[in-house]
Amino acid sequence: MGKKKYVYLFSEGDASMKNLLGGKGANLAEMTNLNIPVPQGFTVTTEACNKYYDDGEVVESEVIEEIYERMTELEKITGKGFGSLDNPLLVSVRSGARASMPGMMDTILNLGLNDDTVEVMAKITENPRFAYDSYRRFIQMFSDVVMDIEKRMFEDILDEMKKEKGANLDTDLNADDLKELVKKYKALYKKEKGEEFPRDPKVQLIESIKAVFRSWNNPRAIVYRRLNDIPAKWGTAVNVQEMVFGNKGNTSGTGVAFSRNPSTGEKHIFAEYLMNAQGEDVVAGIRTPHPISKLKEDMPNIYEEFLKIVNILENHYRDMQDMEFTIEEGKLYFLQTRNGKRTAQAALKIAVDLVEEGMLTKEEAILKVEPKQLDSLLHPAFDSNALKENSPIAKGLPASPGAACGKISFTANEAKERAEAGERVVLVRLETSPEDIEGMIAAEGILTVRGGMTSHAAVVARGMGTCCVAGCGDLKVNEISKTLEVQGKVYTDKDYISIDGSTGNIYGCEINTVEPEISGYFEIFMKWADEIRTMKVRTNADTPRDASQAVKFGAEGIGLCRTEHMFFAEDRILAVREMIVAKNEEQRRKALEKLLPMQREDFVGIYEAMEHRPCTIRLLDPPLHEFLPHNEEDVLGLAKELGITVEELKATIDSLHEFNPMMGHRGCRLAVSYPEIAEMQTRAIIEAAVEVKKNHGYDIVPEIMIPLVGEIKELKFVKDIVVTTAESILKESSIDMKYLVGTMIEVPRAALTADEIAKEAEFFSFGTNDLTQMTFGFSRDDAGKFLKDYYDRKIYESDPFAKLDQDGVGILVRMAAEKGRQTRSDIKLGICGEHGGDPSSVEFCHNLGLNYVSCSPFRVPLARLAAAQAQVKNKR
Ligand code: ADP
Ligand code: MG
Ligand code: MG
């Protein structure tokens with residue numbers, strides 16, 4: 001077996017080798033193959049990075065040898081020598097993972113300079129200023145990026161020197177000044193590190209390569225990976241490339257280009273450049289760059305060549321390209337190309353245009369838009385001009401996207417009242433609870449001081465598509481005195497606040513929002529996605545309003561209707577509480593009688609909104625104490641309304657207390673204790689279906705879902721109640737209607753015994769929120785507090801409540817699906833946890849052959865696209 005190869009010349013790779021060479025390296029190789037002028041170099045592979053970690057953070061000598069071998073070849077290609085005193089080869093060291101990770105590590109330029117080579121450079125270029133300017137930049141970059149010496153210390157020295165010399169700009173310093181600066185830099189280095197700045201270019205090189213490997217695990221990179229679903233095991237590659245200099249005078253320059261407009265998608269080249277500049281000067285914004293049209297005037301030949309190459313690259317990659325170029329003394333080089341990042345609008349327009357231009361098939365185009373990006377098209381956003389004029393007063397977690405602006409409201413009740421009176425309000429709470437639901441619905445947006453991405457406020461807000469910023473600990477909120485204090489300023493309920501749920505930013509003023517516009521491209525694109533996908537997409541919706549919204553977004557049914565969400569409405573909470581504190585069945589039935597017409601009316605609304613589409617309605621699920629009042633005042637009020645003593649009521653509330661309510665008296669356990677609740681709910685579901693069928697002729701097949709089942713007998717017990725009730729109503733109404741009774745798979749025991757459960761259940765819906773909670777054995781309301789430690793210590797890479805844990809929880813899902821099908825080959829399978837709106841989890845569900853995923857209305861388009869992409873990637 002041949003020796004494993006860890007280092008590739010650009011001429012040895014190509015675009016298909018992204019996994020090994022990283023995106024930047026693979027594309028530099030591909031451009032080399034296309035005969036595009038690229039400064040040559042080599043790539044140290046991602047496998048070398050992984051090996052570095054496997055070997056205990058050392059670069060083994062066999063890899064070092066290979067790096068030196070390629071360096072020798074690069075010397076031949078360039079006709080220069082690394083460390084040579086005749087014609088020194090200078091290189092850049094650039095990181096490049098499989099997926100681009102902006103800001104993971106800073107690039108090191110001008111490597112190979114030392115006290116000797118700098119003199120040679122000065123002589124050959126006849127430009128000592130340029131040589132020493134490059135040298136001082138290199139010392140600073142190397143010290144900062146490789147040696148962790150604070151950049152600021154170098155900048156301070158530079159500022160001091162500028163003051164001393166009466167210089168305004170860096171460029172006002174002459175060669176002698178810069179020479180002196182280099183001396184000071186090296187002295188600083190020695191003071192900080194206790195040793196001389198490394199002279200040997202080989203040492204400079206290996207140390208820089210190690211720094212790139214290390215940067216793969218810096219905190220910024222870990223956070224970025226988690227947000228973007230990038231596995232730690234990918235590793236990063238390192239590119240070593242001959243330097244070209246855009247800072248050699250007035251026939252040199254550097255710039256960036258997009259082959260189409262990245263913010264609108266329009267088909268025209270969008271590029272900017274600066275003359276006499278190096279590296280990131282264009283992006284850094286110190287000098288204002290020129291539009292590319294100026295290049296056409298100043299250097300028409302270069303401009304022509306530039307255009308030609310941009311077109312070659314776009315046609316070759318069949319996608320919008322983001323490129324870097326440098327002109328060195330009248331010669332053009334390309335330094336990078338990649339599929340460009342773009343706004344959601346641009347992504348849709350470009351995908352549709354490329355199909356119409358015959359460059360892509362619909363299947364290929366479908367893969368060009370990130371499902372998560374669609375989100376930004378579905379929510380209001382701040383007017384970008386208005387945003388520029390304001391800076392945030394605090395930042396919390398971006399819990400539910402969109403933008404909201406309104407006056408501060410500190411209680412849910414007040415939010416509701418003020419909204420009804422026509423005022424725009426933002427609900428600001430320490431944290432929210434189910435009692436706040438009406439205020440949350442009425443508010444433009446929700447801001448909490450405590451709680452994470454899966455807190456009550458976050459989950460409910462995402463479900464409603466309302467903007468939410470959660471866990472903003474910098475705010476001091478006093479709900480009693482109704483004040484919010486931050487940065488020494490106090491805000492009251494008369495003040496405006498603006499919150500951005502996409503960034504987490506909070507502004508202490510009024511900022512205008514703009515409504516989302518669903519353009520023609522969006523529609524065309526989604527139609528293609530629907531043609532391609534095989535898995536259905538339903539929605540989790542509890543109200544007719546949410547249901548209609550979801551239908552507008554393309555939902556094909558309801559996968560989860562939580563009946564209890566309706567219980568908190570003002571006109572029913574009393575009846576619900578009566579039911580809960582009832583002392584016997586008779587009292588309970590009386591309270592349920594009051595609830596029946598209201599529930600029926602809810603379901604009528606939902607069936608009407610969904611027309612002929614299927615609806616899965618879940619029987620009562622949460623622990624009952626959630627419906628009871630918690631503070632003294634409310635308890636007094638309720639006792640009075642119920643006509644019982646405060647002591648009696650308190651005793652009941654106490655008796656409902658549970659140590660671990662999420663594993664307590666809830667789900668189907670409630671129906672086992674109080675069958676009459678299931679009876680009333682079934683009655684409401686079936687009667688509503690009958691009524692809507694009669695009135696509108698919709699072909700309704702109600703799907704009644706029994707939650708939290710772990711044992712076939714408990715399912716059978718509740719199912720018998722449901723069936724008896726349903727049959728008697730249908731017989732009475734002499735309407736011929738099919739209905740289904742199924743269960744959620746959310747207790748691990750249900751997954752383990754799914755073959756048994758399927759004897760009674762006509763469908764399974766995977767409740768992966770609870771299933772994740774119970775499989776991991778940690779509560780989703782509390783896990784946020786310690787999951788961060790798990791990310792920092794690299795135990796978990798992502799939040800299992802957001803991205804389905806395919807290796808653990810996913811095994812249970814797979815097992816249950818298989819066992820369910822063994823017993824009942826046509827069993828209907830779906831998922832209704834938060835994961836139904838997560839692209840990688842949607843792909844997992846597609847691969848298991850689930851019939852549908854169900855997610856909150858605002859995630860429906862995302863799920864439709866993710867399902868189409870899953871079909872293109874893994875046809876079944
Ligand atoms: P990023 O990840 O920020 O894109 P890059 O590796 O692309 O980092 O490099 C940062 C800047 O340095 C870019 O402007 C790039 O064009 C420039 N640069 C990198 N390598 C060279 C080189 N060999 N010659 C000239 N400029 C270079
Ligand atoms: Mg770059
Ligand atoms: Mg559940």
Side-chain angles (χ1 to χ4, degrees), residues 9-10 21-29 31-32 36-44 71 74 77-78 80 82 88-113 121 130 133-134 137-138 140-142 144-145 201 204-205 208-209 211-212 215-216 218 220-221 224 236-248 252-258 262 271-287 289 306 309 313 321-329 331-341:
L9 288 173
F10 291 169
L21 303 178
K24 198 177 279 169
N27 287 337
L28 285 167
M31 285 198 287
T32 300
I36 286 165
V38 172
Q40 286 301 291
F42 54 83
T43 305
V44 186
M71 183 53 97
L74 183 61
I77 295 170
T78 58
K80 298 178 183 172
F82 197 43
L89 171 61
L90 303 188
V91 295
S92 64
V93 174
R94 322 170 65 184
S95 65
R98 220 189 272 193
S100 96
M101 291 173 62
M104 187 178 82
M105 199 204 81
D106 296 319
T107 295
I108 299 163
L109 301 177
N110 312 331
L111 187 142
L113 283 174
M121 286 299 287
F130 156 76
D133 187 51
S134 303
R137 285 174 194 254
F138 169 56
Q140 175 178 330
M141 280 187 264
F142 184 90
D144 165 31
V145 177
Q204 297 174 351
L205 179 65
S208 301
I209 290 172
V212 176
S215 75
W216 181 247
N218 72 28
R220 263 184 309 172
Y224 187 87
T236 182
V238 188
N239 302 290
V240 177
Q241 185 177 28
E242 182 194 359
M243 281 303 298
V244 286
F245 299 98
N247 55 340
K248 263 193 186 170
S252 302
T254 181
V256 293
F258 292 87
E272 293 177 330
Y273 72 105
L274 274 174
M275 292 313 275
N276 199 5
Q278 189 179 38
E280 313 260 47
D281 292 358
V282 174
V283 196
I286 307 166
R287 286 158 60 192
F306 166 82
I309 295 175
L313 287 175
Q321 294 299 295
D322 166 358
M323 295 148 292
E324 291 168 1
F325 61 95
T326 286
I327 303 162
E328 180 179 322
E329 299 188 316
K331 167 136 184 51
L332 176 66
Y333 295 93
F334 271 62
L335 288 165
Q336 184 171 340
T337 192
R338 62 177 170 210
N339 295 342
K341 295 240 182 292

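All ligand and atom numbering here is 1-based and tracks the order in the structure. Bear in mind the structure is a predicted one, so any value in this text is a computation, not a measurement.
- Heavy-atom proximity to T107, at under 4.0 Å, picks out these atoms of ligand 1: 5 (P), 6 (O), 8 (O), 9 (O), 10 (C).
- The proximity of N239 to ligand 1, defined as any non-hydrogen pair under 4.0 Å, does not occur for either the backbone or the side chain.
- Considering every non-hydrogen atom in both Q241 and V38, the closest pair reads NE2-CG1, 3.7 Å.
- Taking CG of D322 as the reference point, atom CG of N339 lies at 9.5 Å (rounded to 0.5 Å).
- Contact of the V244 side chain with the L335 side chain is registered, since non-hydrogen atoms from C-beta on lie closer than 4.5 Å.
- Looking at ligand 1, you'll find an N or O of V244 within less than 3.5 Å of one of its N or O atoms.
- The aromatic rings of F130 and F245 sit perpendicular to each other, their planes meeting at more than 60°, with 30° as the lower class boundary.
- Atom OG in S252 sits 7.0 Å away from atom CG in N276 (nearest 0.5 Å).
- Judged purely by distance below 3.5 Å, without hydrogens or angles, the side chains of Q40 and T78 never pair a donor atom with an acceptor atom.
- Not one N or O of S95 is nearer than 3.5 Å to an N or O of ligand 1, by distance alone.
- Taking the ring-ring contact (aromatic ring centres under 6.0 Å, His included) definition, one finds that F10 meets it with nothing, sequence neighbours left out.
- Taking a cut-off of under 4.0 Å to the non-hydrogen atoms of K24, the atoms of ligand 1 that pass are 1 (P), 2 (O), 4 (O), 5 (P), 6 (O), 7 (O), 8 (O).
- In E242, the part holding a heavy atom less than 4.0 Å from any atom of ligand 1 is the backbone.
- Within the set V256, L335, L111, V93, the minimum heavy-atom distance to atom 26 (N) of ligand 1 is found for L335.
- The Mg ion (ligand 2) has an N, O or S atom of Q336 under 2.8 Å away, backbone or side chain.
- Between the Mg ion (ligand 2) and the N, O or S atoms of E324, the shortest distance is to OE2.
- For the pair T326 and ligand 1, the shortest N or O to N or O distance does not fall below 3.5 Å.
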Working for side-chain contact (heavy atoms from CB on, under 4.5 Å), residues M141 and L111 | CA-CA 10 Å; M141 280 187 264; L111 187 142; over 6 Å; no

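- Residue E324 has at least one nitrogen or oxygen atom sitting less than 3.5 Å from a nitrogen or oxygen atom of ligand 1, judged on distance alone.
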